[in-house]
2 protein chains.
Amino acid sequence: MSESTVTDESAEGADACCVPLADIDSEALAADLQLLTAMGNDTRYELLRYVANADDGVCVCDLQDAVGVSQSAVSQALSRLYTAGLVTRRKEGSWRYYEPTETAAALLGTLDDLRGANE
Amino acid sequence: MSESTVTDESAEGADACCVPLADIDSEALAADLQLLTAMGNDTRYELLRYVANADDGVCVCDLQDAVGVSQSAVSQALSRLYTAGLVTRRKEGSWRYYEPTETAAALLGTLDDLRGANE
DNA sequence: GAAACATATTAGTAGCTGCTTGTATAAGCT
DNA sequence: AGCTTATACAAGCAGCTACTAATATGTTTC
């Protein structure tokens with residue numbers, strides 16, 4: 001697949017473009033993508049913002065009223081955020097409180113900065 | 001569905017949870033989501049990383065060899081990144097060079113920092 | 001223990017996403 | 001002008017995603 005008649009091509013004039021690029025770390029890529037895909041959904045991002053807004057944790061029942069989807073959908077969304085390392089969860093009686101991680105805070109902070117800078 | 005006897009509930013003991021949350025700016029949310037969904041895809045994120053790595057712009061043809069999808073898919077992916085404001089494009093002869101925007105640099109930088117801090 | 005509440009899990013599915021293939025446009029070369 | 005190369009656009013579709021509905025699990029209160 002990667003065998004090509006390099007000498008012929010380079011002698012002809014294709015040398016101004018199409019030079020091979022340096023590889024990028026595929027593990028880092030996968031890690032970043034987990035964060036980005038977890039955040040890149042309407043419901044989940046809205047939930048994450050609500051979680052990040054409240055300093056001492058938000059109860060699921062609060063979140064349920066804030067976004068317009070079913071209880072099940074909220075639970076699934078929060079699980080996904082948890083798996084991605086964007087929120088922590090703590091159980092207190094029959095309620096469960098979610099808090100943002102530093103990862104979430106950093107990314108949301110960057111997004112806030114960008115929005116501020118572009119307007 | 002949302003009509004409930006508030007006085008009864010609050011008198012009983014449901015006041016430790018389920019307080020209404022402060023609203024979040026839906027315009028900001030949409031703006032952020034455009035960035036996140038644009039970045040939150042394998043092909044597009046890989047392309048964005050390649051674009052960000054090369055300082056003086058990358059030609060589409062270079063990118064095509066780097067990721068494992070068709071020319072058309074690369075073009076579509078780059079268009080999406082452009083629309084989202086993550087890359088700029090400049091035409092030079094028959095080639096087109098892409099460069100990262102400051103927005104992209106900021107977000108990628110944050111992701112790099114996070115990865116560095118967590119390992 | 002039973003009923004009510006809070007959350008999670010499972011299964012099923014509508015709709016979106018991202019690809020391929022084919023075609024169009026534009027620029028360079030002969 | 002005609003051919004080739006570089007890129008974009010359009011249509012079609014396979015596979016994924018995120019929802020709902022139903023059910024299960026755990027907690028509190030009586």
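Remember, predicted model here, so these are calculated numbers, not experimental data. Just so it is clear, the values below take in all heavy atoms, side chains as well, and ignore hydrogens, waters and symmetry mates. Chain identifiers are assigned alphabetically (A, B, ...) following the order of the sequence lines, protein sequences preceding nucleic acid strands; residue numbering begins at 1 within each chain.
- OP1 or OP2 of dT20(D) sits under 4.0 Å from a side-chain N or O of Ser70(A).
- Taking Tyr45(B) as the reference, Asp32(A), Arg49(B) meet the side chain to side chain donor-acceptor pair (under 3.5 Å) condition, with sequence neighbours excluded.
- Judged by the 6.0 Å distance and 45° axis criteria, Arg89(A) is positioned over the aromatic ring of Tyr82(A).
- Listed pair Arg89(B) / dA8(D) meets the phosphate criterion, a side-chain N or O lying under 4.0 Å from OP1 or OP2.
- Taking atom OH of residue Tyr98(B) and atom P of nucleotide dT7(D), one finds them 8 Å apart after rounding to whole Å.
- If you take OH of Tyr97(B) and C1' of dA27(C), they are 14 Å apart, rounded to a whole angstrom.
- Side-chain contact check for Val60(B) versus Trp95(B): every heavy-atom pair is 4.5 Å or farther apart.
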>> Between Leu111(B) and Met39(B), does the side-chain contact (heavy atoms from CB on, under 4.5 Å) criterion hold? Intermediate values first, please.
In response: CA-CA 12 Å; Leu111(B) 287 164; Met39(B) 290 177 77; 4.2 Å; yes
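- Put simply, OG1 on Thr103(B) and CG on Leu114(A) are 5.0 Å apart, with the number rounded to the nearest 0.5 Å.
- With dA6(D), dT7(C), dT28(D) as the candidates, the nucleotide lying closest to the side chain of Arg96(A) is dT7(C).
- Rounded to the nearest 0.5 angstrom, Ser26(A) OG and Asp42(B) CG are separated by 10.0 Å.
- Scanning residues 71-83 of chain A for heavy-atom distances under 4.0 Å to DNA chain D yields Ser72(A), Ala73(A), Gln76(A), Arg80(A).
- Between Gln64(B) atom CD and dT5(D) atom P there is a gap of 13 Å when expressed in whole angstrom units.
- Regarding Trp95(A), its CH2 atom lies at a distance of 18 Å from the C1' atom of dA8(C), rounded to whole Å.
- Taking side-chain N and O atoms only, Arg44(A) has a distance below 4.0 Å to OP1 or OP2 of dA18(D).
- Looking at the side chain of Val69(B), the nearest of the listed nucleotides dA18(D), dT7(C), dC19(C) is dC19(C).
- Between Val58(A) and Asn53(A) the shortest side-chain heavy-atom distance does not fall below 4.5 Å.
- With no hydrogens or angles considered, no side-chain donor-acceptor pair links Gln71(A) and Ser75(A) at under 3.5 Å.
- Of the two residues near DNA chain D, Lys91(A) and Gly68(A), the one whose nearest nucleotide lies more 5' is Gly68(A).
- Across residues 31-42 of chain A, not one residue has a non-hydrogen atom less than 4.0 Å from an atom of DNA chain C.
- By the 4.5 Å heavy-atom criterion applied to side chains, Arg96(A) and Arg90(A) are not counted as neighbours.
- One atom, CZ of Arg90(A), and another, C1' of dA6(C), lie 16 Å apart when rounded to the nearest Å.
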